[in-house]
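Contents: one structure, followed by commentary.
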Amino acid sequence: MTAATLRVAVLISGRGSNLKAILDAIAAGQLPARVVQVISNRPGAAGLQLAAAAGVPTAVVDHKRFADRAAFERALEAQLAAEPADLLVLAGFMRVVTADFVARHRGRLLNIHPSLLPAFAGLDTHARALAAGVSEHGASVHFVTAAVDGGPLIAQFRVPVRPGDTEDGLAARVLRAEHRLYPQVLAWYAAGRLALRADTVLLDGLALAAPVQFADTEDDDA
Ligand code: GRF
């Protein structure tokens, strides 16, 4: 590990499967980064155990213990300061962050969302995709700005919606896509290839006119 290794803080609320995908990519030598801490706003989040098992420091900042979002975020900032990070990665972090928080971390704050944004921002994306009858669904990684699920898009992983798909089946297919997409985007960031300038994503110094697209070529769960 070199001094230039990207220091990443991961914020979670639950299961932590995206966190695991990131840790696995680091362990496999595909992502030159170090997760310096994992913070959950939920004390029982399964991802905390997963982090601890990987030797990553964990912390809980329980939003329920604070009177308002500003107080919660002050505690979150204090915890983040304990292990300074170059990049904050939201991975199933189910709290909306304030415009102040975003402004402090602008360009160093990423999120993954289980839909092809701008379609299906918000919750219950898989049920809504099925109800809408779309033929494609997927996952998006974006820089976080004050617009919830509306920040500049970096990359998307598209998956097919198949006849007879259930919500669970579709969710599992999208989750596998997430696990491939997030480490890839983080690897770009770690290599210094990715930046945010104003509201424009730069990859290799060039403005992205549209998010980079990935799609599954294998029929891995047919
Ligand atoms: C993922 O689908 C993520 O996109 C969404 O919440 C889920 C978190 O899953 N925001 P996990 O905790 O990473 O397993």
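What you see is a predicted model, and the numbers here were worked out from it, not measured in a lab. We count ligands from 1, going down the list as the structure has it; atoms in each ligand are counted the same way.
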So which protein heavy atom does [atom] come closest to, and at what separation?
atom	answer
atom 3 (C) of ligand 1	E178 OE1, 3.2 Å
atom 11 (P) of ligand 1	S17 N, 3.4 Å
atom 9 (O) of ligand 1	R15 NH2, 2.9 Å
atom 5 (C) of ligand 1	P114 CD, 3.9 Å

- Query: Do the non-hydrogen side-chain atoms of T125 and H137 ever get within less than 4.5 Å of each other?
  - Reply: yes
- With rounding to the nearest 0.5 Å, note down the distance linking CZ in R42 to CZ in F93. 9.5 Å
- Item | R104: side chain to side chain donor-acceptor pair (under 3.5 Å) partners, not counting sequence neighbours | E77
- Message: Please list, in number order, the atoms of ligand 1 under 4.0 Å from a heavy atom of G92.
- Response: 6 (O), 8 (C), 10 (N)
- Message: Under 4.0 Å from a heavy atom of I112: which atoms of ligand 1 are those, numbered in the order shown and with their elements?
- Response: 4 (O), 10 (N)
Could [X] and [Y] be called an ion pair, given the rule that one side-chain N must be under 4.0 Å from one carboxylate O?
X	Y	value
R74	D100	no
D216	R180	yes
R193	D204	yes

- Can you find an N/O atom of G16 closer than 3.5 Å to an N/O atom of ligand 1? yes
